[in-house]
Amino acid sequence: MISQFFILSSKGDPLIYKDFRGDSGGRDVAELFYRKLTGLPGDESPVVMVTTPQWGGRRHHDGRHFIHIRHSGLYLVATTSENISPFSLLELLSRLATLLGDYCGSLSEGTISRNVALVYELLDEVLDYGYVQTTSMEMLRNFIQTEAVVSKPFSLFDLSSVGLFGAETQQSKVAPSSAASRPILSSHSDQNQKNEVFLDVVERLSVLIASNGSLLKVDVQGEIRLKSFLPSGSEMRIGLTEEFCVGKSELRGYGPGIRVDEVSFHSSVHLDEFESHRILRLQPPQGELTVMRYQLSDDLPSPLPFRLFPSVQWDRGSGRLQVYLKLRCDLPPKSQALNIRLYLPLPRGVVSLSQELSSPDQKAELGEGALHWDLPRVQGGSQLSGLFQMDVPSLSGPAGHGPSTSAPPLGLGPASLSFELPRHTCSGLQVRFLRLAFRPCGNANPHKWVRHLSHSDAYVIRI
């Protein structure tokens, strides 16, 4: 049983607020939660918090439990004054996030703001007086009447982000515009619904490279994500790379093998053909689900996508800092990386920046005590460079003292890279085929879209 449910933006603005039991004393609980959350040290906040008199709120807030998850930059929060298992509430919040994404097309501040009426109608059907009634998509389809307000049409000139499921990306221009961000429609508009299924292999790459260039840590977290607009229960078969193996002891095929350390599957996946043919068989419900998760550490089958070669000259006498950065892309020549950004922390007191960049489409600027170097696109096998000169008067010595040195000053680095790699997986895992047993009544065959994408999670290079 929960007392309130609310959704906050990343800046703490309330987007949705629902009081189920009237025992909260007002909307100030949302402000109280965000104030406490932002006041905590560190980046990771506890998912469960309990109000105390030290929180500074009203007395009737004491002893209230706040349970929250963060999804797509939004805070989904439930409160209760009862002694309830936090794991059950976390499961409820995760399920609500999935339902909101299914009905609104995607979960973001914009889609929630455009579909306030739909969100409140969904909450009224899922929860009654704070008690969960149902989170089943099939049952909710019979009661939800409000149509979702979809986002603006996709433009190929908008390259600001690479989304999932083929939405709002230049790489997915073979797919219908914003097709995968379309909501799961209600039952009364089924006749207008297209039969489509989107499958994404998404990998997050974490790397730590020492100052001498040696690799200290590498980790790949991968997921196979499915978004289906087919009728619930439609059978599909997903064929993975035949050389795919789990653990170091298992070898398959005649090639080098695509190995992962750990793998887990959704409960709806049947594995009777996995051992012999690496085929996943499932009958998914409409909406999104993660078919498979996997992890690989310390042994990538291919070179790292980027190598950084830094050179530092530091004149202590004048406080002049010169940093030369050469970035090499070790992807295959036909591949490319998008939206590359290098973030380099700088010593305190930097007052100016002069730059020489190897191509006109690059840009660099100072901000928040760091150098930001942006490269919109890098082709595989190429390298780019930048020469950056900065004045740091706060670290300069007496005139004529302090010779130049290659040792970096205190506060410089480490560098961090963020990037996206379309049509590329760091583990080498590929989807061989996606076959559907579903046969529509009309002549139109279901549309199938498969995409592979890798992006950086924490790509750190010590200077």
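Because the structure is predicted, anything quoted here is derived from the model rather than measured.
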Student: Does any part of the side chain of Met236, heavy atoms only, come nearer than 4.5 Å to the side chain of Leu230, both counted from C-beta?
Tutor: yes
Student: For a 4.5 angstrom cut-off between non-hydrogen side-chain atoms, does Val29 reach Ser3?
Tutor: no
Student: About how many Å separate CG of Leu375 and CG of Leu342, when rounded to the nearest 0.5 Å?
Tutor: 8.0 Å
Student: Salt bridge or not for Asp219 and Lys217, using N-O below 4.0 Å?
Tutor: no
Student: Does Trp449 reach the side chain of Leu434, with side-chain heavy atoms less than 4.5 Å apart?
Tutor: no
Student: What distance do His68 atom NE2 and Leu37 atom CG have between them, rounded to the nearest 0.5 Å?
Tutor: 5.0 Å
Student: Do NZ/NE/NH1/NH2 and the carboxylate oxygens of Lys18 and Asp124 come within less than 4.0 Å?
Tutor: yes
Student: Search all heavy atoms of Leu127 against all heavy atoms of Gln133 and return the closest pair with its distance.
Tutor: C-CG, 4.4 Å
Student: Report yes if the side chains of Phe306 and Ser456 come closer than 4.5 Å at any heavy-atom pair, otherwise no.
Tutor: no
Student: Nearest 0.5 Å, what's the CZ-CG distance between Arg70 and Leu8?
Tutor: 10.5 Å
Student: Which one of His424, Glu420, Arg377 satisfies the side-chain hydrogen bond (donor to acceptor under 3.5 Å, both in side chains) criterion with Gln336?
Tutor: Arg377
Student: Could you check if a side-chain atom of Leu296 sits within less than 4.5 angstrom of a side-chain atom of Glu203, using non-hydrogen atoms only?
Tutor: no
Student: Please report whether the ring centroid of His455 lies less than 6.0 Å from that of Phe419.
Tutor: no
Student: Is any side-chain heavy atom of Leu271 closer than 4.5 Å to one of Leu280?
Tutor: yes
Student: Could you please spell out the steps behind the salt bridge (Lys or Arg N to Asp or Glu O under 4.0 Å) verdict for Arg281 and Asp272?
Tutor: CA-CA 8 Å; Arg281 185 168 57 86; Asp272 49 325; 3.1 Å; yes
Student: Walk me through it: do Arg432 and Ile279 pass the test side-chain contact (heavy atoms from CB on, under 4.5 Å)?
Tutor: CA-CA 9 Å; Arg432 288 185 292 131; Ile279 295 176; 4.1 Å; yes
Student: Which atom pair, heavy atoms only, marks the closest approach of Ser106 to Thr111?
Tutor: O-OG1, 2.8 Å
Student: Calculate, to the nearest 0.5 Å, the distance between atoms CD and OG belonging to Glu242 and Ser276 respectively.
Tutor: 10.0 Å
Student: We want to know whether Thr134 and Glu125 form a side-chain donor-acceptor pair, criterion being a heavy-atom distance below 3.5 angstrom.
Tutor: no
Student: Would you name the heavy atoms of Ala370 and Tyr343 that are closest together and state the gap between them?
Tutor: CB-CE1, 3.4 Å
Student: For the CZ atom on Phe433, are there more than 12 heavy atoms of other groups (residues, nucleotides or ligands in this structure) within a distance under 6.0 Å?
Tutor: yes
Student: Keeping His270 on the side-chain end and Gln283 on the backbone end, is there a donor-acceptor pair under 3.5 Å?
Tutor: no
Student: Any salt bridge (Lys or Arg N to Asp or Glu O under 4.0 Å) involving residues 366-375? Give me the pairs, sequence neighbours left out, ordered by first then second residue.
Tutor: Arg341-Asp374
Student: Tell me if a side-chain donor or acceptor on Thr79 pairs with a main-chain N or O of Gln4 at a distance below 3.5 Å.
Tutor: yes
Student: Are the side chains of Ile340 and Leu384 in touch, meaning some heavy atoms are under 4.5 Å apart?
Tutor: no
Student: Kindly give the heavy-atom pair with the smallest separation between Asp330 and Pro303, and that separation in Å.
Tutor: CB-CB, 4.4 Å
Student: side-chain contact (heavy atoms from CB on, under 4.5 Å) for Gln221 and Asp457? Distances and angles first, verdict last.
Tutor: CA-CA 9 Å; Gln221 301 282 342; Asp457 193 19; 5.7 Å; no
Student: Please determine whether a side-chain nitrogen of the Lys or Arg among Asp261 and Arg259 lies less than 4.0 Å from a carboxylate oxygen of the Asp or Glu.
Tutor: yes
Student: Please name the pair of heavy atoms, one in Tyr34 and one in Ser10, separated by the smallest distance, quoted to 0.1 Å.
Tutor: OH-O, 3.0 Å
Student: Find out whether the Lys NZ or Arg CZ of Arg278 is both under 6.0 angstrom from the six-membered ring centre of Phe274 and within 45° of the ring's axis.
Tutor: yes
Student: Can you measure from OG1 (Thr241) to CG (Leu429) and round to the nearest 0.5 angstrom?
Tutor: 5.0 Å
Student: Stepwise, does the side-chain contact (heavy atoms from CB on, under 4.5 Å) test hold for Ile209 with Leu304?
Tutor: CA-CA 11 Å; Ile209 300 176; Leu304 293 175; 4.0 Å; yes
Student: Quick one: side-chain contact (heavy atoms from CB on, under 4.5 Å) partners of Arg95, sequence neighbours excluded?
Tutor: Thr98, Leu99, Thr135, Met137
Student: What are the two closest non-hydrogen atoms of Arg21 and Tyr131, and how far apart are they?
Tutor: NH1-CE1, 3.9 Å
Student: Any side-chain heavy-atom pair from Leu282 and His266 closer than 4.5 angstrom?
Tutor: no
Student: Within a 6.0 Å radius of atom CE on Met1, are there more than 12 heavy atoms belonging to other residues, nucleotides or ligands?
Tutor: yes
Student: Fit a plane to each ring of Phe66 and Phe33, take the angle between them on a 0 to 90° scale, and name the class: parallel (under 30°), tilted (30 to 60°) or perpendicular (over 60°).
Tutor: parallel
Student: Test side-chain contact (heavy atoms from CB on, under 4.5 Å) on Ile16 and Leu76; report intermediate values, then the result.
Tutor: CA-CA 9 Å; Ile16 298 293; Leu76 282 72; over 6 Å; no
Student: Mind checking the CZ-CG spacing from Arg423 to Leu453? Nearest 0.5 Å is all I need.
Tutor: 10.5 Å
